[in-house]
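Report on the structure given below.
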Amino acid sequence: MQTKQLKLYFLVLVLTCGIVLVALGGGLWNQSGFWLFQWQHQAFQMLCHQLPERSFWINGQPMAVCSRCLGIYSAFAIFWITMPLWAKWTFPNLLSPKKLALSALILNFIDVVGNMLGFWQNTLLSRLVLGILLGSTGALIFSRDFFLTTIKSKGINHGRVTTTNS
Amino acid sequence: MEESQQQTVNEQPSYWTSVGIAALIFGILYFAISLIGGYAMINSEPSGSMFGNMNQTVSSSIACLVGICGAILAIWHYSKTYGGLSITLGKGALIGLYVAIATAIVVTVLNQFWNVIDPTYTERLMDSMIANFEAMEGVPEGQKQQMVDSIASEFKNSNTLWGITKGFLMNTVILGIGNLITGMIGAKIFGKDEG
């Protein structure tokens, strides 16, 4: 397996793992003090609404992000870490990573709007699942950017023109 | 001669205009949403809920993840302005990081500016938050008092130089990481692939 831009890959890996750890909030470390003013909560105040009733709780304290954001960050981190394993996946044109990510984004948007307008009531779990969808497809976009797998030629295209200049 | 030709090939147009535009738009947007949420909380009756009434919840939900969209806008603007430009992942990440820093500056400046326009805003917000906590049911009095004390001391510290600097640095770090990643996503979507 060939690699490229490894520095960037490892930088993002460290940063995303760090973000997931911070997102879990002060409950993970049994921090004392009112959770609303713990540094983890303050760090995410520009990125997430942090409503406690929309967040998972650890040790009697809500996480620093809502369940949807937790899904996004954790799935992105897991897919990023395991990128070498699935870098050889091939996606059909109809289900390209970009299209999958866009679909997941639209799905999340519909869920937020539908919930706001009272069409349905989403739950902690449904928001987490939709967040996981968005985070994982977001990482899939980079499936060919850091690890390259060599595909063995079967010889079926020998002598044929397989690419065209568009 | 050869050197100058090489330089021209390597030179890419500046992305600072795109960074500035995205940071301004998203900084103002974030500030406006949080301000609307703040005034909604101030002007509502204490509900006994952690963050006030439904209006505030709605504005908070809209604000969710707004902060990391700036990088995508910056890269879209950059690639649209200089059509056919190849944007590497590293460059996308860098643009995202700059957008985050600039957005955090815009929000910090606007927050301070608003304190001049409405000097009572922070105090009223604090009073409203405390009233909400006091109206909470099922929370032991001792714990309630501890929460109220925390709110009062935190709001007091937030307007000191250290409080402002701490808030700015925290916003910059988390926004920076978020925008770094969305900057890379933007580069994948809008940048011309180098192959």
Side-chain angles (χ1 to χ4, degrees), chain A residues 4-5 7-9 11-12 14-16 18-19 22-23 32-54 62 64-66 68-69 72-73 76-77 80 97-98 101-102 105 108 112-113 115-117 131 134-135 138-139 141-146, chain B residues 26-27 30-31 33-34 37 49-51 54 56-68 88-90 92-93 100 103-104 107 129 133 143 146-151 153-155 157-158 163 166-167 169-182 184-185 187-189 193:
Chain A
K4 59 176 184 175
Q5 304 185 87
K7 274 184 193 166
L8 186 61
Y9 172 79
L11 175 72
V12 175
V14 170
L15 293 178
T16 47
I19 245 188
V22 178
S32 58
F34 186 24
W35 51 262
L36 186 60
F37 298 115
Q38 284 170 354
W39 67 270
Q40 290 95 334
H41 261 78
Q42 296 200 324
F44 276 99
Q45 65 179 6
M46 270 186 84
L47 277 192
C48 179
H49 56 63
Q50 304 177 309
L51 297 172
E53 62 269 28
R54 288 171 170 258
V65 294
C66 67
R68 193 188 306 274
C69 289
I72 295 171
Y73 300 139
F76 189 91
W80 195 270
K98 281 179 195 170
L102 185 66
L105 186 69
N108 272 277
V112 170
V113 173
N115 185 67
M116 261 183 198
L117 298 177
L134 185 56
I141 290 178
F142 302 100
S143 62
R144 292 276 184 273
D145 287 296
F146 299 99
Chain B
F26 279 90
Y30 176 82
F31 171 74
I33 291 171
S34 61
S49 148
M50 191 74 72
F51 293 104
M54 195 56 201
Q56 225 255 326
T57 310
V58 169
S59 68
S60 299
S61 299
I62 295 168
C64 197
L65 289 175
V66 155
I68 56 171
T88 60
L89 287 185
T103 306
V107 171
M129 220 167 163
F133 274 84
Q143 200 182 335
Q146 199 189 348
M147 286 172 170
V148 169
D149 291 345
S150 298
I151 294 171
S153 81
E154 197 60 39
F155 268 84
N157 289 338
S158 69
K166 195 177 87 172
L169 288 177
M170 280 189 166
N171 287 337
T172 306
V173 171
I174 295 292
L175 268 187
I177 298 173
N179 276 288
L180 184 143
I181 293 168
T182 49
M184 286 167 59
I185 293 174
K188 282 290 290 181
I189 295 171
D193 214 339

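Letters go in sequence order (proteins before strands), and every chain restarts at 1.
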Can you say whether A/Leu15 sits under 4.5 Å from chain B via the side chain, the backbone, both, or neither, judging by heavy atoms? both
For the residue pair A/His41 and A/Trp35, categorise the inter-ring angle as parallel (less than 30°), tilted (30 to 60°) or perpendicular (more than 60°). tilted
Proximity breakdown for A/Phe146 and chain B, heavy-atom pairs closer than 4.5 Å: side chain
Does some side-chain heavy atom of A/Gln50 sit less than 4.5 Å from a side-chain heavy atom of A/Pro62? no
Could you tell me how the ring of A/Phe44 sits relative to the ring of A/Tyr73: parallel (under 30°), tilted (30 to 60°) or perpendicular (over 60°)? tilted
For chain A, the option from B/Ile189, B/Ile177, B/Thr103, B/Asp149 that forms the most heavy-atom pairs under 4.5 Å: B/Ile177
Between atom CE of A/Met46 and atom OG of B/Ser34, what is the distance when rounded to the nearest 0.5 Å? 8.0 Å
At a heavy-atom separation under 4.5 Å, does B/Ile151 approach chain A through its side chain, its backbone, both, or neither? both
Just to verify, what does A/Gln45 make a side chain to side chain donor-acceptor pair (under 3.5 Å) with, not counting sequence neighbours? none
I'd like to know which of B/Leu89, B/Val107, B/Ile68 tops the heavy-atom pair count under 4.5 Å against chain A. B/Leu89
Sorted by chain and residue number, the ring-ring contact (aromatic ring centres under 6.0 Å, His included) partners of B/Phe26 (sequence neighbours excluded) come out as none
Where does A/Ile19 contact chain B at under 4.5 Å (heavy atoms): side chain, backbone, both or neither? side chain
Largest heavy-atom contact set with chain A, pairs under 4.5 Å, which of B/Leu180, B/Leu169, B/Ile181: B/Ile181
Can you tell me which of B/Gln146, B/Glu154, B/Met170 forms the most heavy-atom pairs within a distance under 4.5 Å of chain A? B/Glu154
